[in-house]
S.K.: 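Dumping the structure here so I can ask a few things about it.
Numbers here are sequence positions counted from 1. Keep in mind that what you see is a predicted model, and the values were worked out from it rather than measured.
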Amino acid sequence: MGQVSDLQQRVHGLRMADDVLAGGDLIRPALRELRSAVRLYREGAHTGAVGRELLRQVGELAQIAGWIASDAGRHAEAERIYQLGLSAARQAEDHTLAGNLAGSLAYQFSNTGRAGDGLALARAALDGAGPDAPHKARALFLDRVAWAHTKAGGHAHAQHAMRALGEAAEALAEDSGGTESPAWLYWVDAGERQIMEARVHTELRRPLRAVPLLRDVLGRYDATHTRELALYLSWLAVAYADANEPEAAAATAARVMSLSADVASERTAERVRVVLARLAEYAEVPEVRAVLDSAV
């Protein structure tokens, strides 16, 4: 159990590092930790109880390692890692952790052109976790369902996305200080849920709803979380463009590009490409032209 405790601390340390570093910086140590944990489970001698705890830590480590690999643009590798973690979580009979792994893979699918697979897996993650999952976990899984519907496109999916967002808000509101949640849910809070809502509105071309939400959250966002700040600002830039505010969109886009310049994240690189493509419609506006020229 001492080894399990040490592993648990290293896994959480990797999560903390992911808050301030990008996938390209963390992929090697993440994979090294994952291989070490799998070897410890397979080759070590342990009781059934210790074995289950080791499997749980392998699952948690696979989730953050898969997330890091996905952020680095190594999607096939991330999928294999998520599947490994899902198998470990199921063997440990940790349904909430299994839901997080399945939901993480669903999120990758939704963002990489596999909208149908993403939606099916996001729903399965929510259903598999069950109604007794911690409130924060249900809120997270419902947010992923909302995002999957959003990326699937179409009016019906938009309605389902808004319904899932509402249910996520209700689930999070039911959480209290006395509610016990797994350590990996530390980052799920009202601000992050608000950002997901704003992102959905942006994707649905509803800038009048998205802009106030994003400005409110980003005005107090932790500046040390450079990657997330750049990502969320990218949605604000697109929302400004959709609201026919090209000057504001250009200023925000310039900030996105500045923040992401030294961030080893394929996600931020892709968002920069999306923002520049959206700004191209306003190429005759001097402020926009300057941003587009600086990206050449």
S.K.: Can you confirm whether Arg271 sits close enough to Thr268 that some side-chain heavy atom of one is under 4.5 Å from a side-chain heavy atom of the other?
M.R.: no

S.K.: Does the side chain of Arg163 come under 3.5 Å of the side chain of His160 through a donor N or O and an acceptor N or O?
M.R.: yes

S.K.: If we only count heavy atoms from C-beta on, is the Leu172 to His135 side-chain gap below 4.5 Å?
M.R.: no

S.K.: Could you give me the CA-CA distance, side-chain angles and deciding distance for Arg90 and Asp94, then say whether salt bridge (charged side-chain N to carboxylate O under 4.0 Å, His left out) is met?
M.R.: CA-CA 6 Å; Arg90 285 171 174 165; Asp94 189 330; over 6 Å; no

S.K.: Looking only at side-chain N and O atoms, does His149 offer a donor or acceptor that is under 3.5 Å from a partner on His157?
M.R.: yes

S.K.: If you look at every heavy atom in Gly130 and Arg138, which pair is closest and at what distance?
M.R.: O-NH1, 3.3 Å

S.K.: Are any side-chain N or O atoms of Ser294 and backbone N or O atoms of Val291, one a donor and one an acceptor, separated by less than 3.5 Å?
M.R.: yes

S.K.: Show every salt bridge (Lys or Arg N to Asp or Glu O under 4.0 Å) that has at least one partner inside residues 26-46, sequence neighbours left out.
M.R.: Arg10-Glu33

S.K.: Measure the CZ-CG distance between Arg255 and Leu233 for me, rounded to the nearest 0.5 Å.
M.R.: 5.0 Å

S.K.: So, Glu203 versus Trp147: side-chain donor-acceptor pair below 3.5 Å or not?
M.R.: no

S.K.: Tell me yes or no: between the side chains of Tyr232 and Glu192, is some donor less than 3.5 Å from an acceptor?
M.R.: yes

S.K.: Answer with yes or no whether the side chains of Asp19 and Tyr186 bring together a donor and an acceptor at under 3.5 Å.
M.R.: yes

S.K.: Checking the side chain of Thr47 only, and the main-chain atoms of Val50 only, is there a donor and an acceptor separated by less than 3.5 Å?
M.R.: yes

